[in-house]
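The block underneath contains the structure these notes are about, expressed in C-alpha cells.
All values derive from a computational prediction rather than experimental measurement. Note on naming: letters A, B, ... go to the chains in the order of the sequence lines (proteins, then strands), and numbering restarts at 1 for each one.
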Protein chains: 2
Amino acid sequence: MKDVAARAGVGLKTVSRVVNEEPGVTPDTVARVQAAIDALGFRRNDSARLLRTRRTASVGLVLEDLADPFYAPLSRAVEDVARANGALLFTGSSAEDPRREQELVLAFCARRVDGLIVVPAGDDHRYLIPEIEAGVATVFVDRPAGRIDADMVLTDNAGGTRDGVAHLIAHGHRRIGFIGDQPGIHTAAERLRGYREAMADAGLPIRPEWYSMGPTNPERVRAVLASLLSGPEPVTALFAGNNRVTVTAVRVLSHHPRPVALVGFDDFELADLLDPPVTVVAQDSPGLGRSAAQLLFRRLEGGADAAPERLELPARLIARGSGEIPPAP
Amino acid sequence: MKDVAARAGVGLKTVSRVVNEEPGVTPDTVARVQAAIDALGFRRNDSARLLRTRRTASVGLVLEDLADPFYAPLSRAVEDVARANGALLFTGSSAEDPRREQELVLAFCARRVDGLIVVPAGDDHRYLIPEIEAGVATVFVDRPAGRIDADMVLTDNAGGTRDGVAHLIAHGHRRIGFIGDQPGIHTAAERLRGYREAMADAGLPIRPEWYSMGPTNPERVRAVLASLLSGPEPVTALFAGNNRVTVTAVRVLSHHPRPVALVGFDDFELADLLDPPVTVVAQDSPGLGRSAAQLLFRRLEGGADAAPERLELPARLIARGSGEIPPAP
DNA sequence: CTGAAAGCGCTTACAG
DNA sequence: CTGAAAGCGCTTACAG
C-alpha cells in the first residue's frame with residue numbers, strides 16, 4: 001500500500017479510500033491510484049485490515065466429522081448464512097474427541113473468529129467461558145453445551161423416537177428392540193428416553209435385554225441383533241438409534257428368515273430404494289445449520305445480551321415400508 | 001499483551017518469550033508473567049502474530065458443494081493433512097459457479113492463506129496468476145486448472161470408464177448407452193472419451209442416440225433413459241456418468257420389464273444393498289484430498305520452484321451384480 | 001537474561 | 001478533497 005501511495009504520489013489514507021470505495025476522492029485521483037494498484041498488482045491484506053477493525057468476518061465451525069454425510073448439509077447451510085453475512089468459514093473435525101474439540105475451538109478463537117458454531121464432542125465447555133466473555137458469539141448445535149449456559153439448536157430426539165416407536169406399536173408390535181449409540185452421547189440418551197416413554201405410554205413393559213447402548217460399529221450391532229432375534233420370544237420390531245445402526249440392521253434383516261419391522265433414526269440416501277424401503281425418523285440437518293448460523297449472526301449484530309436460547313427442531317417420521325411390517329405371528 | 005507486561009513488571013518482549021516458550025527467561029520471571037496472563041485472561045491474537053511472521057498457517061479449500069457426499073471424504077483428508085502441518089482450514093462451496101469460485105479464492109487470498117486447494121468450477125484460472133506469483137501455493141483437484149500451468153491431482157476418468165464399459169462388453173453387451181454430465185465439465189468429457197475408446201477397442205460402433213450429455217437432474221436422466229430403452233433395438237446396458245445419474249437409473253431400471261446391466265461412475269453408500277447390487281467405478285476420494293494437500297505442503301516447505309506436477313489416481317471397478325447382468329436375448 | 005525501537009499492512013481520528 | 005500521526009497486537013533485529 002505504501003508502494004501504491006508512492007507511485008500514485010498520494011498519501012496512504014487516499015489509497016485506503018480508493019480501495020474501500022470511500023467517497024470524497026477526485027475521479028482524477030482515483031484513476032491515478034487505480035493505475036498504481038494495477039501496475040503493482042496490489043491486493044489488500046484483509047488480515048491486516050481486520051486487525052485494525054477488530055472484526056475478522058469469519059466464523060469457526062467445529063463438527064464431529066467433515067466426512068460424515070449427516071453433517072455435510074448442516075455445514076453447507078452454515079456456509080450459506082455466513083456468506084450472506086459476508087463472513088468466511090473455518091471448519092474442523094473433532095473426531096468425537098473432546099480434547100481435539102477444545103484445541104480446534106481455541107485455535108479458532110486465537111484467530112479471533114467473530115463467532116463459533118460447535119457440535120460438541122465433550123461435555124464440559126467451561127473452557128469457553130473466557131472466550132464468550134471476550135465477545136466470541138457461540139452457538140452449540142445438534143448436542144447441548146456442557147456445564148455452561150449457552151445458545152443451542154437441537155433436534156427433538158426424544159420426541160422423534162417416541163413417534164417412531166409409537167408407529168411400530170400402532171402396527172401391532174409389543175416386543176420392540178432398541179439399539180443406540182454410547183449412552184454418554186446426549187442424542188443417544190435422549191432417543192433411549194423416547195423409546196422408554198413410547199413403551200410406557202402404551203402400557204408396554206420393557207425387558208432389559210431389549211435395548212442396548214454402545215459403539216455403533218457393525219460387529220457390535222450384529223451381535224446385539226443376533227441376541228434380540230433369538231430365543232423363544234424374539235423382538236418383532238427394531239428401532240435403530242442412528243444411521244449406522246440402521247444400515248447394519250438392514251443388512252442383517254435382509255438375511256433373516258422372519259420379517260422384522262424397522263424404523264431408524266436419521267434419513268439416508270436411497271432408503272426408499274431398499275427392499276423393503278426403510279421407514280425413518282428424519283432430522284432437519286440443513287435446518288439445524290441454518291438456525292444455528294442465523295442465531296449466531298443475530299448475536300453478532302447486537303443481540304449479545306439477551307438470554308441464551310434453546311431451539312428444538314422437530315424430527316419427522318417418514319413411512320416407507322419397513323416400519324409398517326406387522327409382527328410375525 | 002501490554003497489560004500483561006505492565007502487570008508483571010516486564011517488557012513486551014519478555015511476555016512474548018513466555019507465550020512462545022522461548023528459552024532464556026528466568027523461571028521466576030516466567031512465573032510472574034504466567035500469573036499476569038492468568039489473572040488477565042490473556043489469549044494471544046494469532047492474527048496479529050501472523051501479520052508479523054508472514055505465514056498465516058491456513059489453507060483455503062474451495063469445492064463444488066460442501067454438502068456433496070463425494071467431497072466430504074476429500075475435505076476430511078485435506079483437513080487431516082492440514083492439521084498435521086499445523087494449519088487451519090477455510091472452506092467454501094462454489095456451487096459450480098465460476099464467479100463464486102473466483103470470489104471465494106480471492107477472498108481466501110485476501111486473508112493471505114498460505115495455500116489453496118481448488119476443485120475448479122470455471123475453466124479460466126488466469127485470475128490466479130498474480131496470487132501464485134505472490135507465493136500462494138495452489139493445487140487443483142478433481143478437475144484440471146484452466147489456461148494456467150499448475151499442480152493438479154485428478155482421477156483417471158477416461159481409464160476408469162474404459163474399464164467399466166469393457167466390463168459390460170466382456171459380459172456380452174454390444175448396445176451400450178452412456179449418460180453423462182454437461183460436456184463442459186472436464187470429468188464428464190473424459191468419461192465420454194473412455195466410453196468411446198472402450199467401444200472402439202472392441203470394434204463396436206456407437207450410434208449417436210446411445211449417448212447423451214447434459215444436466216444430471218432426474219427429469220433429464222429419466223427422459224434420456226426412456227428413449228435409450230425404447231425402439232426396436234434398445235440398449236442392453238448403461239454406463240452412468242456419475243453418482244446422480246446412477247441413482248436415477250437404479251430407480252428407473254427397477255421398474256423396467258427387461259433386466260438392463262448398469263455400471264456407474266462413483267461409488268455410493270449401500271450400493272451393495274440394492275437389488276441388484278450396483279457395480280461401480282470407484283474414485284479414491286480421500287486419496288485425492290490427501291495427495292493434493294501433501295503436494296501443497298511440499299510446495300510450502302520449499303518446493304515452490306519445481307515444475308507443476310500432474311498426478312492421476314486410478315479408479316477401481318467394483319463388481320457387485322448390476323454390471324454382470326447378461327444382455328436380454 | 002531482558003527490553004526499547006521499529007515494523008508487519010492496514011484503519012482511525014484528526015487536522016488542514 | 002487530502003494526508004500525517006498514532007495505533008491494532010504482535011515479532012524481529014538489535015543493544016545492553
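- Nearest to the side-chain atoms of B/T53 among the listed nucleotides C/dG9, D/dT11, D/dT2 stands D/dT11.
- B/L50 places its CG atom 16 Å from the P atom of C/dC10, with the value rounded to the nearest Å.
- The interatomic distance linking A/E21 (CD) with C/dT11 (P) rounds to 13 Å, in whole Å.
- Residue A/T29 places at least one side-chain N or O closer than 4.0 Å to OP1 or OP2 of D/dT2.
- At D/dC8, none of the side-chain N or O atoms of B/N45 fall inside 4.0 Å of OP1 or OP2 (strictly under the cut-off).
- No contact: A/D46 has no heavy atom under 4.0 Å from any strand.
- Phosphate proximity of D/dT2 to A/T26: present, with a side-chain N or O under 4.0 Å from OP1 or OP2.
- Atom CG of B/D123 has 12 or fewer neighbouring heavy atoms from other residues, nucleotides or ligands inside a 6.0 Å radius.
- As rounded to whole Å, 14 Å separates atom C1' of C/dA4 from atom NZ of B/K2.
- Projected onto DNA chain C by closest heavy-atom contact, A/R44 and B/G11 fall at different nucleotides, the more 5' of which corresponds to B/G11.
- Of all nucleotides listed (D/dT11, D/dC8, C/dC10), C/dC10 comes nearest to the side chain of A/M1.
- Across all their heavy atoms, A/G86 and A/A57 have their closest contact at O-CB, 3.8 Å.
- In this structure, B/L12 places its CG atom 15 Å from C1' of D/dA13, rounding to the nearest Å.
- Look at C/dG3: its Watson-Crick or wobble partner, with both distances under 3.5 angstrom, is D/dC14.
- Between A/G9 and B/F42, it is A/G9 whose nearest contact on DNA chain D lies nearer the 5' terminus.
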From CA spacing to verdict: salt bridge (Lys or Arg N to Asp or Glu O under 4.0 Å), A/R83, A/E79: CA-CA 6 Å; A/R83 177 199 309 272; A/E79 187 204 345; 2.9 Å; yes
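- Ranking D/dT12, D/dT11, C/dT11 by closeness to the B/K13 side chain, first place goes to D/dT12.
- In this structure, B/R52 does not reach the C/dG9 phosphate: none of its side-chain N or O atoms is under 4.0 Å from OP1 or OP2.
- The side chain of B/T14 contributes an N or O atom lying less than 4.0 Å from OP1 or OP2 of C/dG3.
- Contact annotation: A/S16 side-chain N/O to C/dC10 OP1/OP2 distance is not under 4.0 Å.
- Residue B/R54 has a polar side-chain atom (N or O) positioned under 4.0 Å from OP1 or OP2 of C/dG9.
- Counting non-hydrogen atoms under 4.0 angstrom, B/V19 reaches nothing in the nucleic acid.
- Put simply, A/R112 has no side-chain N or O that comes within less than 4.0 Å of OP1 or OP2 on D/dG9.
- Contact record, B/A121 with B/R143: CA-NH1, 4.1 Å, taken as the closest heavy-atom pair.
- When the C1' atom of C/dG9 is taken as reference, atom CZ of B/R49 falls 18 Å away, rounded to whole Å.
- In terms of modelled atom types and a separation under 3.5 Å, the side chain of A/T14 and the main chain of A/V10 share no donor-acceptor contact.
- Nucleotide C/dC8 holds its C1' atom 17 Å from the CZ atom of B/R55, rounded to whole Å.
- Between the side chain of B/R17 and the base of C/dG3, at least one donor-acceptor pair of N or O atoms lies under 3.5 Å.
- If you measure from atom CG of B/N20 to atom P of D/dG9, you get 17 Å, rounded to the nearest angstrom.
- Side-chain atoms of B/S94 do not come within 3.5 Å of backbone N or O of B/R100 as any donor-acceptor pair.
- With rounding to whole Å, B/E22 atom CD is found 13 Å from C/dC1 atom P.
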